[in-house]
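Read through the structure below, which is laid out as structure tokens, and then see the notes.
Since this is a predicted model, take the numbers as computed values, not measurements. In listed order, ligands and their atoms are each counted from 1. Note: hydrogens, waters and symmetry copies are ignored here, and every other heavy atom, side chains too, is used.
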Amino acid sequence: MASTSYFALVPAAGGGARMGAECPKQYLPLAGRPLIRHALATLCAVALVERVYVVLAPDDTFWPEAEFTDLAAKLRVLRCGGATRAESVANGLRAMAGIVAADDWVLVHDAARACLTVDHVETLIRTVGNDAVGGILAVPVADTVKREAYGRIAATVPRDSLWQAQTPQMFRHRMLATALAAAPSVTDEASAVEALGLKPKLVAADTTNLKVTYPFDLHLAEWILANRK
Ligand code: C5P
């Protein structure tokens, strides 16, 4: 299967309830710009990525158009977000269908992973190569992991083969659309593809590609961005 074009799809239709802020977390200020601007600018800076689609909630009134004029050549806004992340991604894939070929690669990335670098994306693309399934960025689990039951430790889970999934997660358009249609309640794309009986590649990234979820994560992300060479 020859590799074809690369597109990015960024679901950004969530409310970010765990952040406890007045506006969705993707619009909170981070290093002087709206949080979402960082990942979108990085994805637009990847030469191999042809277009970057961002999926907003249909009634989103926070999207700061003026912040994105310099990215207009690559960035496209889709106002078709759904009730869940998986639904937002599936709706985005549907909206891209006329432009993107069935075998083109789609890199799905959380708007909340603001510290993504061009190097992370290029490593993913290079390592997945022409793989028949696709792959995701991830990091090996560093801590000892416990399974809980009623506030007590029920088991210690061997961590040797455990990884934490990150994004981007990279699959071919048709495979991903098919997978999400069959498994609409997954929390990442890889889970939907795994449910088809397929085994996506794990591509080692690092913990700087964190997902901003809780208020303190904003400080961590700010520090990472400020201290990068
Ligand atoms: O809430 P969480 O951080 O897990 O969301 C991951 C990503 O999915 C975020 O970029 C968020 O905006 C997006 N999302 C979405 N549609 C939803 C819920 C979340 O696009 N209904």
Side-chain angles (χ1 to χ4, degrees), residues 7-31 33-44 49 51-64 67-68 71 75-96 106-117 120-121 124 136-139 163-171 176-177 179-181 183-193 205 207-222 224-225:
F7 296 87
L9 176 60
V10 177
R18 287 172 289 185
M19 189 63 82
E22 278 164 20
C23 70
K25 70 177 168 189
Q26 56 269 30
Y27 300 125
L28 291 173
L30 172 65
R33 311 298 292 262
L35 190 147
I36 192 174
R37 153 95 204 179
H38 296 276
L40 292 178
T42 298
L43 289 163
C44 286
V49 172
R51 284 225 188 302
V52 177
Y53 293 90
V54 57
V55 176
L56 306 182
D59 58 351
D60 185 325
T61 53
F62 294 94
W63 173 253
E67 290 276 353
F68 294 97
L71 304 181
L75 188 63
R76 296 292 177 270
V77 178
L78 303 171
R79 291 185 172 270
C80 60
T84 62
R85 180 186 186 284
E87 206 178 302
S88 296
V89 173
N91 291 351
L93 290 173
R94 217 167 293 125
M96 293 161 76
V106 180
L107 284 78
V108 180
H109 184 67
D110 290 331
R113 291 188 190 272
C115 301
L116 179 77
T117 63
H120 286 138
V121 182
L124 176 68
I136 73 168
L137 289 185
V139 285
W163 290 61
Q164 276 178 263
Q166 297 183 342
T167 68
Q169 303 203 349
M170 171 178 165
F171 297 99
L176 187 52
L180 286 171
S185 50
V186 291
T187 52
D188 74 346
E189 291 61 53
S191 313
V193 172
T207 51
T208 63
N209 185 25
L210 80 166
K211 187 167 75 165
V212 174
T213 306
Y214 300 105
F216 184 70
D217 299 335
L218 269 179
H219 299 294
L220 276 179
E222 189 121 17
I224 291 165
L225 293 174

(message) Which label fits Trp63 and Tyr27: parallel for a plane angle under 30°, tilted from 30 to 60°, or perpendicular past 60°?
(response) perpendicular

(message) Strictly less than 4.0 Å: does any protein heavy-atom distance to atom 1 (O) of ligand 1 fall in that range?
(response) yes

(request) For Asp110 and ligand 1, answer yes if some heavy atom of the residue is under 4.0 Å from a ligand atom, otherwise no. (result) yes

(request) Look at the side chain of Gln26 and the backbone N and O of Gly14, then say whether any donor-acceptor pair between them is shorter than 3.5 Å. (result) yes

(message) Among all the protein's non-hydrogen atoms, which is closest to atom 8 (O) of ligand 1, and how far away is it?
(response) Arg85 CG, 3.4 Å

(request) Answer with side chain, backbone, both or neither: which part of Lys211 has a heavy atom less than 4.0 angstrom from an atom of ligand 1? (result) side chain

(request) Check for a donor-acceptor pair, side chain of Asp60 on one end and backbone N or O of Leu56 on the other, with a separation under 3.5 Å. (result) no

(message) Is the contact between Ala83 and ligand 1 made by the side chain, the backbone, both, or neither, using heavy atoms and a 4.0 Å cut-off?
(response) backbone

(request) Could you check atom 13 (C) of ligand 1 against the protein and tell me its nearest heavy-atom contact, residue, atom and distance included? (result) Pro11 O, 3.4 Å

(request) Could you tell me whether the side chain of His120 and the main chain of Leu124 form a donor-acceptor pair under 3.5 Å? (result) no

(request) Report the residues that fulfil side chain to side chain contact (heavy atoms under 4.5 Å, CB included) with Leu225, sequence neighbours left out, ordered by chain and then residue number. (result) Leu30, Ala31, His38, Cys115, Arg228

(request) Indicate yes or no: does Arg79 engage Asp59 in a salt bridge with an N to O separation below 4.0 Å. (result) no

(message) What protein heavy atom lies closest to atom 19 (C) of ligand 1? Include the residue and the distance to one decimal.
(response) Gly14 CA, 3.5 Å

(message) What protein heavy atom lies closest to atom 16 (N) of ligand 1? Include the residue and the distance to one decimal.
(response) Ser88 OG, 2.7 Å

(message) Suppose we measure from atom 3 (O) of ligand 1 to each protein heavy atom; which comes out shortest, and what is that distance?
(response) Lys25 NZ, 2.7 Å

(request) Going by heavy-atom distance to atom 15 (C) of ligand 1, choose the closest among Ala13, Pro24, Gly82, Cys80. (result) Ala13

(request) Would you check whether Thr213 reaches within less than 4.0 Å of ligand 1, judged by its heavy atoms? (result) no

(message) Pairs of nitrogen or oxygen atoms closer than 3.5 Å, one from Ala111 and one from ligand 1: do any exist?
(response) yes

(message) Just to verify, which of Asp188, Asp110, Asn209 counts as forming a side-chain hydrogen bond (donor to acceptor under 3.5 Å, both in side chains) with Gln166?
(response) Asn209

(request) Could you verify whether a donor N or O on one side chain and an acceptor N or O on the other, from Ser88 and Asn91, lie under 3.5 Å apart? (result) no

